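Right, one structure below, let's go through it.
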There are 2 protein chains.
Amino acid sequence: MCLNFYIYTNTDNMQTSTTEDYLKAIFKLSGIYKKGVSTNSIAEELSTKASSVSDMVKKLSEKKLVDYVKYQGTTLTKEGENIALKVIRKHRLWEVFLVEKLKFGWDEIHEIAEQLEHIKSPKLIDKLDAHLGFPKKDPHGDPIPDKNGLFPTIKKLKLNELKIGEKAILTGVSEDSKDFLSYLDTIGLKLGSSIEVLDYFKFDKSLKVKINNRSDLTFSDLVANNLNISKEN
Amino acid sequence: MCLNFYIYTNTDNMQTSTTEDYLKAIFKLSGIYKKGVSTNSIAEELSTKASSVSDMVKKLSEKKLVDYVKYQGTTLTKEGENIALKVIRKHRLWEVFLVEKLKFGWDEIHEIAEQLEHIKSPKLIDKLDAHLGFPKKDPHGDPIPDKNGLFPTIKKLKLNELKIGEKAILTGVSEDSKDFLSYLDTIGLKLGSSIEVLDYFKFDKSLKVKINNRSDLTFSDLVANNLNISKEN
DNA sequence: AAAAATTTTTAGACAACACTAAAAAATTTG
DNA sequence: CAAATTTTTTAGTGTTGTCTAAAAATTTTT
């Protein structure tokens, strides 16, 4: 007979990248009204199975990163939310780096930032922040949490909220699927691009718009609804 | 009774970061005369146990990344060496980035680069290379392999090979322990610093040197042997 | 409110790596 | 060259995270 005494010095609060992915997913799915996130939705967000999620949230719960009640979904604890916000901060700062410094296109950066966001270094991200000039928004227009996890408040206006004749500049997008982003690249729409609403077709809520001096573009309501803008002064 | 048919689509040749660490360690330990690297030395290099290494090299061997003969050590296959060189390229380019762009000190970058070297993206590293101006050496003076894994040939001269009165500039270091590097930082020695040998003491092979107009420094032979230089023209 | 459908959880495995303890091979010593 | 020492391997486990299949709980239908 033999007893193994393993001493696992789990003394620090370092998270695995899987843990970070779960927390980020739960944060994203929590929305404004922070009610329990369903096991299935987490599974879908992370491209995994409900049974895996069920296992995992139980473990996260033991680590006090989420509150989890069987059959009633999962919410982040304060600690869990802090970690999620740090990961989001890192993700978005790296995205700025990839676009601004390395000249990547919008549609190429997400997967790379998914990896970079897990790099562990207290100093690195703040130095990167400084190097980038303390940006407030990522290339998709999403706000970058500060060191304390606070979002700069940016009032978002959607393109389909404009009236005919109004002009605005693109400040971001709400949807970051590869298809959508590469579509924007194709038509030459970029962060800061000027957009003018030329016409509005009531029957399908589509918009005729002018971008970069081209007036031959029409956006479906779905597209317009995913374009964040701010009105030109 | 129940049969599980798992279909593991191990169709791609993506490596885990552990695999990359092993290959890098084996490359580093192989030296000029590429004879089998001992299990123990790999274990020491990776701060793990010989039994773990024994397991692992067997698996790497199945993947054709190393040649492994029981009790006779491990060597990299061509494929394994290619991967190792790519990881080294990535490590060193990130180190340049950390020092040049983010203004990190020499002694802080190794651990961060250890993480960054595992980021997977075909385009990322070449864009980074371009962004940095295609550097040939990392901040320690070590050569950066090109896209094809070829090292630029840099003839290394050690400080303790100089004669009294000769001057040289520091091109790199052979030892990258934190202690050593932070010592160099403390005395203000940097890549490109000019060093003049003022005196040589035969009894312990120590050198009196002049750096940054200070003439009060003495290097032990151990230190001098770890300083790579090139003679000033 | 019972039946049907859906969601969630458990149970049992698997894969990648790590570790301890002990056995086996190789090397060094005397 | 046999004995002692060192190196390496095997055997048995642990941990994290994933999966399938099946059971349990919840929600929706009728």
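What you are looking at is a predicted structure, and each value in this text was computed from that prediction instead of being measured. Note on naming: letters A, B, ... go to the chains in the order of the sequence lines (proteins, then strands), and numbering restarts at 1 for each one.
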Set of residues satisfying side chain to side chain contact (heavy atoms under 4.5 Å, CB included) with respect to A:Val96, sequence neighbours excluded: A:Glu100, A:Leu132, A:Pro135, A:Asp138, A:Pro139, A:Ile144
Short side-chain N/O contact from B:Ser52 to OP1 or OP2 of C:dC19, under 4.0 Å: yes
Sugar-phosphate, base or nothing in reach of A:Ser51, heavy atoms under 4.0 Å: base
Spatial distance of atom CG (A:Leu184) from atom NE2 (A:His140) [nearest 0.5 Å]: 10.5 Å
A:Tyr22 side chain near D:dT16 phosphate (N/O to OP1/OP2, under 4.0 Å): no
Sequence neighbours excluded - ring pair (Phe, Tyr, Trp, His ring centres under 6.0 Å) pairs with any residue from residues 70-101 of chain B: A:Phe97-B:Phe97, B:His91-B:His110, B:Trp94-B:Phe97
Atom-pair distance (CD on B:Gln15; C1' on C:dA15), nearest Å: 16 Å
A:Lys120 NZ: over 12 foreign heavy atoms closer than 6.0 Å: yes
Cationic N near anionic O, under 4.0 Å, B:Glu79 to B:Lys64: no
Which residues share a salt bridge (Lys or Arg N to Asp or Glu O under 4.0 Å) with A:Lys86, sequence neighbours left out: none
Interatomic distance where CG belongs to B:Leu23 and P belongs to C:dC17 [whole Å]: 11 Å
Separation of atom CD in B:Glu44 from atom P in D:dT7, rounded to whole Å: 10 Å
Base-paired stems in DNA chain D, each at least three Watson-Crick or G-U pairs under 3.5 Å: C:1-30 with D:1-30
Verdict with supporting geometry, B:Glu95 and B:Lys137, salt bridge (charged side-chain N to carboxylate O under 4.0 Å, His left out): CA-CA 10 Å; B:Glu95 285 196 339; B:Lys137 294 184 286 183; over 6 Å; no
Closest to the B:Thr48 side chain, choosing from C:dA18, D:dT18, D:dG17: C:dA18
Name every donor-acceptor pair, under 3.5 Å, that has one atom in a side chain of residues 48-60 of chain A and the other anywhere in the protein, sequence neighbours excluded.
none

Protein-nucleotide distance (B:Leu60, atom CG; C:dA15, atom C1'), rounded to Å: 15 Å
Can you give me the N/O atom pairs linking the protein to nucleotides 5-8 of chain C at distances under 3.5 Å, or say none if there are none?
unit_1, atom_1, unit_2, atom_2, d
C:dT8, OP2, A:Asn40, N, 2.9

Integer-rounded Å distance: C:dA18 C1' and B:Lys49 NZ: 10 Å
Sugar-phosphate, base or nothing in reach of A:Lys58, heavy atoms under 4.0 Å: sugar-phosphate
Whole angstrom value for the distance that separates P of D:dT9 from NZ of B:Lys59: 14 Å
Check: A:Glu161 side chain, A:Lys158 main-chain N or O, donor-acceptor pair, under 3.5 Å: yes
Distance in angstrom units between B:Asp55 CG and C:dC19 C1', rounded: 10 Å
Interatomic distance where CG belongs to A:Leu46 and C1' belongs to D:dC19 [whole Å]: 15 Å
